[in-house]
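Every chain is numbered from 1, with letters handed out A, B, ... down the list of sequences.
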Amino acid sequence: MEYKDYYQTLGVKRDADKATIKKAYRKLARKYHPDVSKVHDAESQFKDVSEAYNVLKDEEKRASYDQLGANWQAGQDFHTPPGWEQAYAGAAHAQQQTSSAAGGFDASDFFESLFGQGGFQGGPGYDAYGGQARQSAGQDQHATVQIELQDAFHGTTRQLSLSEPARGKDGQVINKQRTLQVKIPKGITQGQTMRLKGQGVSGLGGGARGDLYLEIQFKPHALYQVEGKDISLALPVAPWEVALGGAVEVPLPDGKSVKLTLPAGSGSGRQFRLKGKGIPAKVPGNLIVTLKIVSPVADSDAVKEAYQALKSASDFDPRANLSL
Amino acid sequence: MIDAENIDTYCLSIKQLSSCTQIKETLIIELVENEVLNPQYDVPERWLFHPQDLSRLTRAGRLMQVFELSPVALALVFDLLDELQSLRRG
C-alpha cells in the first residue's frame, strides 16, 4: 500500500503544535468539504485531510505514526514494521464504529494497517451522534447514486457498493462491503428518492434489515443543466438565423433532436420552452433553450467584405442606449 | 435485480430519519425549530418528512460535525448554500 504523508497533506511541519494542526485542518475543511466545495474531486481530497487530522490531532496515534520515521515519501510502497500489531494492539480496538450513514469516513488501507479497522468520524464538533450506533434490528440506510442524464431517458441499472458495520472473525467491529444491483427506471428526476425495502442495514444482533433510501443525482453534463424535470440548454445560433428566422436542430440528451423554428428578429438570450422535451417523467418536464449568438470569425476576405457591407447597410450602434 | 419504489410524498417519520442518519431525535427537533427541515403536521410524533429532507439531514449532520455548527448557524449556512446553488444555475 502507499505511504501517506499526513504532515504534507495538512501542509504543516513535522514539529507543528496542536493549534497549528487544528488551524490547518479547519482551513482545508472549508476548502474541500464536499457539501460546500466546488473543487473537482473534493470528496477524496477531504477524505485525505480528515484522515490526516484524525491521526495528527491524537497524541498516541501521532506518536505511533512518527515512529515510522521521517524518511518515507508520500506514495512510496509501504508495509508496517515487524512487531507493529503487538505494540499498537490496545488502541486498535478502541476505534469508534462508523457507518456511511452517520457521516463517518472510510479509512485508507494505510490508516487501517497502522490503526486497525473501523474507520473514524469526520471531525470534532457538535454532538449529533450520541456514541455507538444502536445495536437493534431494522436500521434504515441512506445513500446517493449518480447517473448520467441520458439514463433518465432510457432507465439504467446501477451496482451499489455499501459499507456497514459487522462483526469480524475475532469479534472486532469491521466495515463490511455489500454490493446491490438496482434498476433505475426512466423518467427519474434530480433529487428524487427511491426506497428499497429490506435493503438497509441489518442489526448487529442479526435482526431484520431496515430500508435503503437512494437519492438520485445527475452527473454534471457538458451541454445541459437540470433543475427538477426541466433541462436547460444554451443553443449557439448564427446572427442570420436569429435576424432572418428559420429552423434549427436542437439536440436532446437521449441522442434524438427536435426542430425549433426561430421567428425573425429573435434576440440573443431569447428563451424558448419546448414542452414535454425535458425528463420523461409521468408529467414530462420541459426543455428550455436559450439562444446564444455566435458570429463567424473574419478570417477570409470574403467574410470581411460581408461584415463591412453589413456595417454600412445597417447603420447600427449597439451601445446607443448606454448612458455613461 | 432489485425493484425500487419511487417516493415523492411526505412519508418519513422522525424515527426513520433518526435511524437512517444516526442523528438523535432531539437534534432533529431542534433543526425543525430552526426551519432547516420542514415536515408536515404539528407535533413530532406526527411529523411526516419529505424524502428530500433525508438527504438534507445527512448534509446537516456532516456540516455540523466538521464545522462545529449550532442549529442556528446551520440554518444560515443552508440558506446561503441554497442561494449560491440557484445563482450558479442561473
Side-chain angles (χ1 to χ4, degrees), chain A residues 25-26 29-30 33-36 38 46 50 98-104 121-130 133-134 136 138-142 144 157 160 180-185 187-189 191-201 210-215 217 225-227 232, chain B residues 1-31 36 49-74 77-78 80-82 84-90:
Chain A
Y25 167 72
R26 283 181 168 165
R30 289 200 302 275
H33 193 282
D35 288 324
V36 300
K38 279 292 159 213
F46 184 68
S50 284
T98 185
S99 74
S100 356
Q121 290 289 351
Y126 206 90
D127 179 21
Y129 300 105
R134 288 202 306 271
S136 58
Q139 266 178 44
D140 296 323
Q141 204 175 0
H142 172 233
T144 30
T157 52
L160 283 186
L180 293 175
Q181 279 256 26
V182 184
K183 183 171 161 201
I184 297 175
I188 209 86
T189 58
Q192 208 157 30
T193 305
M194 310 197 73
R195 168 163 50 203
L196 285 76
K197 277 195 150 6
Q199 292 299 328
V201 177
D211 298 332
L212 174 63
Y213 293 92
L214 269 189
E215 189 198 333
Q217 281 175 0
Q225 281 83 50
V226 185
E227 194 168 339
S232 302
Chain B
M1 196 64 67
I2 296 164
D3 272 320
E5 175 202 342
N6 222 337
I7 47 172
D8 199 33
T9 54
Y10 288 83
C11 63
L12 297 175
S13 70
I14 190 171
K15 274 193 167 24
Q16 281 170 308
L17 248 58
S18 179
S19 153
C20 273
T21 58
Q22 295 296 291
I23 292 173
K24 293 193 267 202
E25 286 185 30
T26 44
L27 179 53
I28 294 177
I29 293 172
E30 255 193 283
L31 291 175
V36 173
F49 292 87
H50 193 275
Q52 277 171 11
D53 272 345
L54 179 52
S55 54
R56 202 165 169 83
L57 179 60
T58 309
R59 287 173 80 198
R62 289 196 295 249
L63 288 170
M64 289 176 87
Q65 187 161 56
V66 174
F67 297 105
E68 301 178 45
L69 298 171
S70 65
V72 174
L74 182 71
V77 168
F78 265 116
L80 293 171
L81 287 177
D82 286 346
L84 196 55
Q85 186 172 51
S86 70
L87 285 173
R88 280 181 177 148
R89 261 198 232 118

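Interface remark: of the candidates Leu80(B), Leu54(B), Leu81(B), Leu54(B) forms the most heavy-atom pairs closer than 4.5 Å to chain A. Annotation: maximal heavy-atom pairing with chain A below 4.5 Å, among Leu63(B), Val77(B), Thr26(B), Ile28(B), occurs at Leu63(B).
In this structure, Asp140(A) does not pair ionically with Arg195(A), as no charged nitrogen and carboxylate oxygen lie closer than 4.0 Å. A salt bridge links Glu68(B) to Arg26(A): at least one charged side-chain nitrogen sits closer than 4.0 Å to a carboxylate oxygen.
In this structure, chain B has a heavy atom under 4.5 Å from the side chain of Thr157(A), while its backbone stays farther away. The part of Ile188(A) that comes within reach of chain B is its side chain, from C-beta onward, which places non-hydrogen atoms under 4.5 angstrom from that chain.
How far NE2 of His50(B) is from OG of Ser55(B): 10.0 Å, rounded to the nearest 0.5 Å. Distance CG/Leu212(A) to CD/Gln141(A): 6.0 Å, rounded to 0.5 Å.
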